[in-house]
2 protein chains.
Amino acid sequence: MATDNRTRSPRSRATRQWPSMADVAALAGVSSQTVSRVANNRQNVDSVTREKVLSAMQTLGYRPNTAARALVTGRFGALGVVSFDVSAHGNARTLGAIADAAREADFSVNFMGVRAQTEAAVRHAFQHLMLQSVDGIVLVESQMLDTPSLRLPPSMPVVVADGDTGHEYPHVDFDQAHGSRSVVSHLLGLGHRTVWHLAGPADSFAARRRAESWRRTLVDAGAPVPPVVHGDWSARSGYRAGLDLARRPEVTAVFAANDQMAMGLMRALHEAGRSVPGHVSVAGFDDIAEAAYLVPPLTTVHQDFEVVGKHCVALLLDQVEGRTDGARRRAVEPVLVVRSSTAPPRPGALA
Amino acid sequence: MATDNRTRSPRSRATRQWPSMADVAALAGVSSQTVSRVANNRQNVDSVTREKVLSAMQTLGYRPNTAARALVTGRFGALGVVSFDVSAHGNARTLGAIADAAREADFSVNFMGVRAQTEAAVRHAFQHLMLQSVDGIVLVESQMLDTPSLRLPPSMPVVVADGDTGHEYPHVDFDQAHGSRSVVSHLLGLGHRTVWHLAGPADSFAARRRAESWRRTLVDAGAPVPPVVHGDWSARSGYRAGLDLARRPEVTAVFAANDQMAMGLMRALHEAGRSVPGHVSVAGFDDIAEAAYLVPPLTTVHQDFEVVGKHCVALLLDQVEGRTDGARRRAVEPVLVVRSSTAPPRPGALA
DNA sequence: ACTTGTTATGTTCGCGTTAACACGAGCGCT
DNA sequence: AGCGCTCGTGTTAACGCGAACATAACAAGT
């Protein structure tokens, strides 16, 4: 199928560099089926025989051939992860957590990055993965695609992390609403009349949810809802937005949808002579490792990615192994971490 | 081998949910061998026959079974990547770049994270990967292991990225020496009497090389070599070190071995009332996305990870495909990016 | 004694694919 | 004509493994 017209491989055939079950069996003086049973830790093998086989495996350095096993069992012991840019903090953490959880379950992880935010690109990644070499796929759908409904090839277990809760697949994510609400409530609780929002890009599910929850929390508290300012997650965009916000004296509290933008924002405020948190309180989201060491240390929302990874793998294996009773949605609660970038508004402030 | 004593899989046998070559062959009215030839884009197939087969594939939704293919060819179309913490900026970038390059070459990437910095942990990761399901492995050896010489299972192609150049495997890395030298020369060129160094952890190869090159550059320039201050890459450690450095009036220029530490350092200097770059010039290494938006924008060293990824895959495939003529070491040159955190020393400074 | 079960082992077969070889048709050459 | 060649295609035999079934030995009931 692929555009593969390379000449033949140099190794004409699979050169027998690995011992097979037959070799182990011969050395141990048993049948290869007994070796298979030992390799798979079946219980119905005499302990003496098992020992013989194990030592034969040792001496030969036997390792089971996953391809042969997969061929006969129809299972691969591998999970696919499809993700956008892994250099983004959240995606990297999610991938790492999934990989850890997968290894825990004795699965390996097949990673595939996607550059374009199109359904076609995602589907292409799926197909590459699906050439039947994974048992299931976690889609870290941090960004919206060009099409509203994601239709992936059927008969492949899928779990969506971070993405659209709208479609049919089981879903794992942080409770963005909860996180946003805790930030906004914190700032209102300090006495700010309202809280501005520096949102992430419109094509990000997380950004949307954070913005929605910000708005709702303000409305519920009877606070005025200022216009949303949009960034693109980068410190650069936060800086740009900050130059604007710094000119408005009525801005006393800003909730940035991630820490990087909060960083850029703080730099812009600093340049404009507006101190943080003296003139303006700033809060972020993510709790990146550096957040505690910014000037000033950033109030933000901490997220436990390990839990997300565990849930992704658990939900995926539920499908792979045919369990249908499992949960279909899991939300992980993030927690507010209050540091020094937020404070009550100055008494004499315009707000 | 693994601790696998789970009960049997629900699917008793590989349920035939995918069409096989035989199905395609039957529909197209050819032998399955001809289907194989078409699937592998061999040239010796009549164009009419090829069309018939292709359309049969289309209608049945045929996809080759990689397990069966791997079983017979002894090749998997997969590369393994063993890496430490992917939430570290450099590791994530490297992984992403390798994945991109691998896909380019029609290989998938099997990712395996390692937590402990022991050879045992790395070897364990290798074995998990090696259960013969990858054709070669890239070890992103960003940190030193407990043993000096890494002895991995033989007959597995390996490329080491970022790590010890001492062992036998082909190696890809940034030219750390060049990067460091450019930073130190830049600072000396501005008129600083010497440059202090906030190094990374002693167990990091990159940190060591950056420190060595810093020292050599100072020596070569006839500048005094101040004691090395050690951090652990984190902003926290940079902050700690900064509290110390801020107390020494003779410190007018500091080269931090990465940007995160530079951030912590700048915060400490700020708190101590030492302005950057007024009192102290600070330079980092890595050029993380936020570097341009710090207060002040950070002078640092930019690295092109895409190139590293390409080289890793190229060197690995050289081995996998039996080419022995390829290079065994590739160094990618990073480039100095001068921003506002570095400036000439104040005229009246002690230095 | 006999069934009936249980446990440890061996035998056969097929998973889907590709390599190696075989074969026949068509070609150009002596 | 006869030879040797290339080209397109089919046939066969693995690759290493585990499921299914077969077998043997021996225990515990009737």
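By convention in this document, chain letters (A, B, ...) are assigned in the order of the sequence lines, proteins followed by strands, and residues within each chain are numbered from 1.
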Write out a two-atom table: protein N or O, nucleotide N or O from nucleotides 7-11 of chain D, distance below 3.5 Å.
from   : atom 1 : to      : atom 2 : distance (Å)
D:dT9  : OP1    : B:Thr49 : OG1    : 2.3
D:dT9  : OP2    : B:Asp46 : N      : 2.8
D:dT9  : OP2    : B:Thr49 : OG1    : 3.4
D:dG10 : OP2    : B:Ser31 : N      : 2.9
D:dG10 : OP2    : B:Ser31 : OG     : 3.0
D:dG10 : OP2    : B:Thr34 : OG1    : 2.7
D:dG10 : N7     : B:Arg37 : NH2    : 2.8

Distances under 3.5 Å only, N/O to N/O: pair up the protein atoms with those of nucleotides 24-26 of chain C.
none

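When atom types are taken as modelled, the side chain of B:Arg328 and the backbone of B:Leu315 share no donor-acceptor pair closer than 3.5 angstrom. A donor-acceptor pair is defined here as one N or O able to donate and one able to accept, closer than 3.5 Å; such a pair exists between the side chain of B:Asp135 and the backbone of B:Gly77. In terms of modelled atom types and a separation under 3.5 Å, the side chain of B:Arg75 and the main chain of B:Glu321 share no donor-acceptor contact. A:Asp318 places no side-chain N or O within donor-acceptor distance of the main-chain N or O of A:Arg323, the cut-off being under 3.5 Å. Side-chain atoms of B:Asn40 do not come within 3.5 Å of backbone N or O of B:Arg42 as any donor-acceptor pair. Of the possible donor and acceptor atoms, none in the side chain of A:Ser36 sits under 3.5 Å from a partner among the backbone N and O of A:Ser32.
We find that CG of B:Asn65 is positioned 18 Å from P of D:dC15, with the value rounded to whole Å. With rounding to whole Å, B:Arg75 atom CZ is found 15 Å from C:dT17 atom C1'. In this structure, B:Arg42 atom CZ and C:dA19 atom P are separated by 5 Å, rounded to whole Å. Rounded to whole Å, atom P of C:dC15 lies 9 Å from atom CG of A:Leu71. Taking atom CZ of B:Phe76 as the reference point, atom P of C:dT17 lies 16 Å away to the nearest angstrom. Protein atom CH2 of B:Trp18 is 12 Å distant from nucleotide atom P of C:dT17, rounded to whole Å.
What you find for A:Trp18 and A:Asp23 is that their closest heavy atoms are O-OD2, 4.5 Å.
A sub-4.0 Å separation between OP1 or OP2 of D:dG18 and a side-chain N or O of A:Asn40 is present. For D:dC15, neither phosphate oxygen OP1 nor OP2 lies less than 4.0 angstrom from any side-chain nitrogen or oxygen of A:Arg69.
In this structure, the side chains of B:His311 and B:Val307 come closer than 4.5 Å at one or more pairs of heavy atoms. Side chains of B:Thr66 and B:Phe76 form no contact here, defined as non-hydrogen atoms less than 4.5 Å apart.
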